[in-house]
Amino acid sequence: MTDDIDFAAQSPASATPSSADGYVGDPAVRAEWDSRYADRHQLWSGQPNGALVAETAGLAPGRALDVGCGEGADALWLARGGWDVTALEVSSVALERAAGHARDADLTIRWVHAELARAALPPGSFDLVSAQYPALLRSPDGASERALLAAVAPGGVLLLVHHAGMDAEPAREDGFDPDDYVWPSMVVALLDDDWEVQVDEQRARVVPDGGAGAHHTDDVVLRARRLR
Ligand SMILES: C[S@@+](CC[C@H](N)C(=O)[O-])C[C@H]1O[C@@H](n2cnc3c(N)ncnc32)[C@H](O)[C@@H]1O
């Protein structure tokens, strides 16, 4: 692990299990994603996601949380745009790559090595919570959905983007069951009067050049503002 990953940001006594290197979360989730990243020198395109670029165009930079930051392209893009970025990820392989890219670009980003639902994020403290294709496993208590919402500051924005039109059967044959994951509609179902839905739609994706996700052509985009 690189020395600029800030474990102190996420190690409450209650957040168990916690590994010797500071990771807070299910070791199996970490191992699965580490293995996916380790298979390739670079898994994603290295470009910021199109929906992030489009949906943040009118926002004043503030504190941003990038959930499931992967190799860091979005976090770096936000930091370059003046955002104070915290980036959270389960894979140490991905985080090392992301931190390396930030170091090369001379950008400061706070890295958190944890599962979203177990991270001790300060509640209500991010002006933007961005989760781009975050692959959050569902749980009966909706812990990940609630953690996404809880991180947003009053006046702040949650931007959750996922792949649309996923055909469940072929996906299951590839070992990916869509029913196991959190989708934007599950977050929408939790929104109350404290929230204003600004965008909730399916649209064509800005498909990146290369990277493992380049075959997905459509997005579901949820953008919700926390009013109070
Ligand atoms: C499909 S990738 C997307 C990566 C990045 N957001 C992008 O668009 O390139 C999903 C990412 O979510 C991470 N992840 C999976 N479960 C997570 C969890 N519970 N908390 C935080 N990150 C998680 C994975 O390690 C992986 O990097």
Side-chain angles (χ1 to χ4, degrees), residues 5 9-10 15 17-18 22-40 42-56 64-78 85-99 101 109-121 128-139 141-148 150-151 159-164 166 171 174-176 178 180-184 186-187 205-216 219-221:
I5 293 174
Q10 42 78 32
S18 172
Y23 169 69
V24 178
D26 182 345
V29 175
R30 170 191 184 165
E32 182 188 336
W33 280 98
D34 271 347
S35 138
R36 280 197 71 185
Y37 280 103
D39 268 357
R40 297 216 202 162
Q42 178 179 331
L43 189 55
W44 311 115
S45 69
Q47 301 155 32
N49 283 299
L52 174 72
V53 174
E55 294 300 330
T56 57
L65 174 68
D66 183 6
V67 175
C69 69
E71 291 158 329
D74 285 351
L76 266 75
W77 182 82
L78 286 165
V85 182
T86 298
L88 178 144
E89 173 54 59
V90 292
S91 166
S92 52
V93 178
L95 270 183
E96 284 177 10
R97 287 179 193 166
H101 295 318
I109 292 170
R110 200 171 298 108
W111 306 102
V112 178
H113 191 198
E115 275 191 286
L116 172 66
R118 308 225 188 153
L121 297 167
L128 171 68
V129 173
S130 170
Q132 306 281 324
Y133 320 104
L136 301 169
L137 285 170
R138 282 176 79 183
S139 60
D141 60 359
S144 291
E145 297 92 306
R146 291 179 200 287
L148 284 172
L159 178 61
L160 174 58
V161 179
H162 236 306
H163 298 303
M166 192 170 288
D174 282 349
F176 175 88
D180 290 342
Y181 293 88
V182 171
W183 297 95
M186 297 166 193
V187 175
R205 180 178 183 222
V206 181
V207 180
D209 298 331
H215 56 292
H216 292 289
D219 281 337
V220 184
V221 178

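Quick note: numbers below take in every heavy atom, side chains included, and nothing from hydrogens, waters or symmetry partners. Heads up: numbering here begins at 1 and tracks the sequence. Start at 1 and go down the list; that is how both ligands and their atoms are numbered.
Asp219 contributes no side-chain N or O that, together with a main-chain N or O of Val221, makes up a donor-acceptor pair within less than 3.5 Å.
Residues satisfying the ring-ring contact (aromatic ring centres under 6.0 Å, His included) criterion with Trp183, sequence neighbours excluded, are His162.
The shortest distance between side-chain heavy atoms of Leu52 and Leu159 falls below 4.5 Å. Annotation: side chain of Leu95 is not in contact with side chain of Tyr23 (no heavy-atom distance under 4.5 Å).
For ligand 1, the protein residues within 4.0 angstrom (heavy atoms only) are Trp33, Tyr37, Trp44, Asn49, Gly68, Gly70, Leu88, Glu89, Val90, Ala114, Glu115, Leu116, Gln132, Tyr133, Pro134, Ala135, Leu136.
Between the CD atom in Glu89 and the CD atom in Glu96 there is a gap of 11.5 Å [rounded to 0.5 Å].
There is a side-chain donor-acceptor pair under 3.5 Å between Ser91 and Asp34.
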